[in-house]
Structure formats: C-alpha cells, structure tokens
Chemist: 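Have a look at this one.
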Amino acid sequence: MEHAEETGLIHDIGSWVLEAACEQAAIWNKQLEHPVAMAVNLSAIQFENPELPAYIAGVLQRTGLTPELLHVEITETTVMKQPDQTENLLREISALGVKISIDDFGAGYSSLSYLMRFTANKLKIDRAFTQQLTERRNDQIIPTAIINLGRSLHLETVAEGVETEFQLQMLKDKGCTYAQGYLLSRPVPPDSAFELLKQHWIRPS
C-alpha cells in the first residue's frame, strides 16, 4: 500500500476498489432480505482530493447502492494529518448519507476535541488492543475506555482482530457494538461471502 501511495497508483487502485465494492454490495442487496453494508478503506492520498465526495456520489449513482449501505473507513492517523480539510470532507461525505468509521482508533494520538468535531458513526478499536485482552484489568483499560468514549459520543464501536472466544465475550460484556476478525471469518471471495450472508438473510423467492 505504501508503494502504491508513493507511485500514485493508489488513485487508480482506490477508485477500482470503491467501484467494485459498491457494485458487489448493490448485487447482494437485491438478493438479501436484510440490508447489508459494505465497508471500504480510503487512503490518506484519497483524502487529499477535494473532489472525493463528488466522486463517491458518482459511484453510488452508477452502481445503484443506497448511500447508507456504504461505510467508508479512514485511519485515525489520516484524520489528524490535515484535520480542518478532513473535517470538511467528512461532513460532505456524511451529507450523502454515507456512514463513516474512524479506523485503528487508539493507535495514534488524536485530540479528543477534534474527534468531537468530526462527522463519524463508528470507532474501530485497533487490533493491537484487542489481541492483548486478558483477564488482567490493565489489559482491559484502553478497549473499555474507547467503548465508553464511543458510547458518550453516540458512536458505535468495532473491535478489530478478534481471534478468540474470550476476546469476543469480553468485548461483548464491555458493550462493544461489533467485532471483526478470524474468529468470525477469514477473508473470503464474493461467492463464499454471499453464502455466509445467506445463512442469516435471504429474500424469499
């Protein structure tokens, strides 16, 4: 990813990923009874483009995906790189109806005052904190603090890197909204992902 950003290829890669993800999500949502959101990571380079909100709007129009079913993820580090510009872009993207997640939260050094200004819907707990969860109280302090912070700001929380039942139960007990990681599923191709989705939500024929 760093090489792609350095060479400028990230623009083409990022555009392709966003288009492909929205197209796939639109297909799934025609087949499933329950709406399924698609999360897409955006790079720091993409957030340097003031036309990003307009581009996202165009992708949604071309693919027919409902805006609320697109969740874009931006890392905490990227958020703080150019906070004023990022704040404006996030506001414009949110105005489209798109949901926003602050990724890898806790790994950087965010100012809480900036966090309160940003338009966001979710905080994603960095996997480093999830994977260190044990029964020791000290290992639970940071994830618990992030979950409580999210609740105070009316943000949902997502724990990254969940690999054990203990981690999952601990996060659930603390009030974490969502979890992702190998315990739930490893990365799979679209057909396999659809089979997983069908186990829960399928539109009757």
Side-chain angles (χ1 to χ4, degrees), residues 1-2 5 10 14 17-18 21-22 25 35-47 52 56 67-83 86-87 89-91 93-94 96-134 139-188 193 196:
M1 181 63 75
E2 291 181 2
E5 290 184 348
I10 192 63
V17 168
L18 184 62
C22 289
V36 175
M38 176 68 77
V40 180
N41 290 94
L42 299 181
S43 73
I45 298 297
Q46 288 173 289
F47 262 85
L52 178 61
I56 292 175
E68 289 77 10
L69 297 180
L70 173 62
H71 294 193
V72 298
E73 300 185 357
I74 175 175
T75 65
E76 178 188 13
T77 303
T78 299
V79 166
M80 297 309 301
K81 199 171 183 181
Q82 295 179 301
T86 301
E87 180 183 4
L89 287 177
L90 292 179
R91 186 182 298 112
I93 292 171
S94 179
L96 299 173
V98 174
K99 304 300 183 182
I100 298 167
S101 300
I102 307 299
D103 200 9
D104 297 338
F105 190 79
Y109 303 94
S110 285
S111 164
L112 293 182
S113 62
Y114 275 118
L115 180 61
M116 294 175 67
R117 285 170 44 188
F118 293 136
T119 302
N121 304 96
K122 296 179 181 178
L123 293 181
K124 300 191 71 176
I125 303 170
D126 188 75
R127 61 185 297 112
F129 300 120
T130 300
Q131 294 181 341
Q132 292 176 3
L133 272 175
T134 70
D139 293 336
Q140 302 171 22
I141 290 176
I142 294 180
T144 301
I146 295 173
I147 292 168
N148 290 338
L149 175 63
R151 186 182 296 113
S152 297
L153 296 175
H154 305 291
L155 303 176
E156 295 178 318
T157 47
V158 184
E160 301 178 293
V162 177
E163 297 184 358
T164 69
E165 291 287 353
F166 174 82
Q167 293 167 350
L168 183 63
Q169 189 59 52
M170 177 68 68
L171 290 160
K172 183 178 180 180
D173 291 344
K174 297 294 183 183
C176 188
T177 321
Y178 300 105
Q180 67 181 63
Y182 285 172
L183 176 66
L184 305 172
S185 176
R186 290 180 176 271
V188 294
L196 290 174

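Every heavy atom of this structure was used, including side-chain atoms; hydrogens, water molecules and symmetry mates were not.
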Chemist: Tell me the closest heavy-atom pair linking Asp104 and Glu160, and the distance in Å.
Modeler: OD1-OE1, 3.1 Å
Chemist: State the CD-OG1 distance between Gln167 and Thr134, to the nearest 0.5 angstrom.
Modeler: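 Answer rounded to 0.5 Å: 10.0 Å.
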Chemist: Tell me the closest heavy-atom pair linking Thr86 and Thr78, and the distance in Å.
Modeler: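 Shortest heavy-atom contact: OG1-O, 3.9 Å.
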Chemist: Supply the atom-to-atom distance His71 NE2 to Glu68 CD, rounded to the nearest 0.5 angstrom.
Modeler: 8.5 Å
Chemist: If you compare all heavy atoms of Asn121 against all heavy atoms of Val98, which two are closest, and at what distance to 0.1 Å?
Modeler: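 Heavy atoms of Asn121 and Val98 come nearest at OD1-O, 4.3 Å.
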Chemist: To the nearest 0.5 Å, how far apart are CD1 in Ile93 and CZ in Arg91?
Modeler: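 Interatomic distance, Ile93 CD1 to Arg91 CZ, rounded to 0.5 Å: 11.5 Å.
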Chemist: Measuring from atom CD of Glu87 to atom OG1 of Thr119, what distance do you get when rounded to the nearest 0.5 angstrom?
Modeler: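 Separation between the atoms: 7.0 Å.
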Chemist: When rounded to the nearest 0.5 angstrom, what distance separates CD1 in Ile142 from CZ in Phe105?
Modeler: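 The CD1 atom of Ile142 sits 10.5 Å away from the CZ atom of Phe105.
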Chemist: Just how far is it from atom CD1 of Ile102 to atom CD of Glu73, taken to the nearest 0.5 Å?
Modeler: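 Reported to 0.5 Å precision, the distance equals 10.0 Å.
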Chemist: Please check if the side chain of Glu76 supplies one atom and the backbone of Asp103 the other of a donor-acceptor pair under 3.5 Å.
Modeler: no
Chemist: Can you name the closest pair of heavy atoms from Phe47 and Leu89 and give their distance?
Modeler: O-CD1, 3.1 Å
Chemist: Quick check: closest heavy atoms across Leu155 and Ala120, and the distance to 0.1 Å?
Modeler: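 Between these two residues, the closest heavy atoms are CD2-O, 3.1 Å.
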Chemist: Go through the structure and list residues passing side chain to side chain contact (heavy atoms under 4.5 Å, CB included) with Leu171, not counting sequence neighbours.
Modeler: Thr130, Leu133, Ile147, Ala159, Val162, Cys176
Chemist: A side-chain contact here means heavy atoms from C-beta on lying under 4.5 Å apart; do Leu96 and Leu70 qualify?
Modeler: no
Chemist: Could you tell me whether a side-chain N or O of Thr157 sits under 3.5 Å from a main-chain N or O of Leu123, the two making a donor and an acceptor?
Modeler: no
Chemist: Which pair of non-hydrogen atoms, one from Leu90 and one from Ile100, has the smallest distance, and what is that distance?
Modeler: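 Residues Leu90 and Ile100, closest heavy atoms: O-CD1, 3.3 Å.
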Chemist: Taking the side chain as everything from C-beta on, heavy atoms only, tell me whether Ile125 gets closer than 4.5 Å to Val158.
Modeler: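 They are not in side-chain contact.
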Chemist: Less than 6.0 angstrom from the centroid, inside 45 degrees of the normal: does Lys122 satisfy that with respect to the ring of Tyr178?
Modeler: yes
Chemist: Please list all pairs passing the salt bridge (Lys or Arg N to Asp or Glu O under 4.0 Å) test where one or both residues lie in residues 164-188, with sequence neighbours left out.
Modeler: none
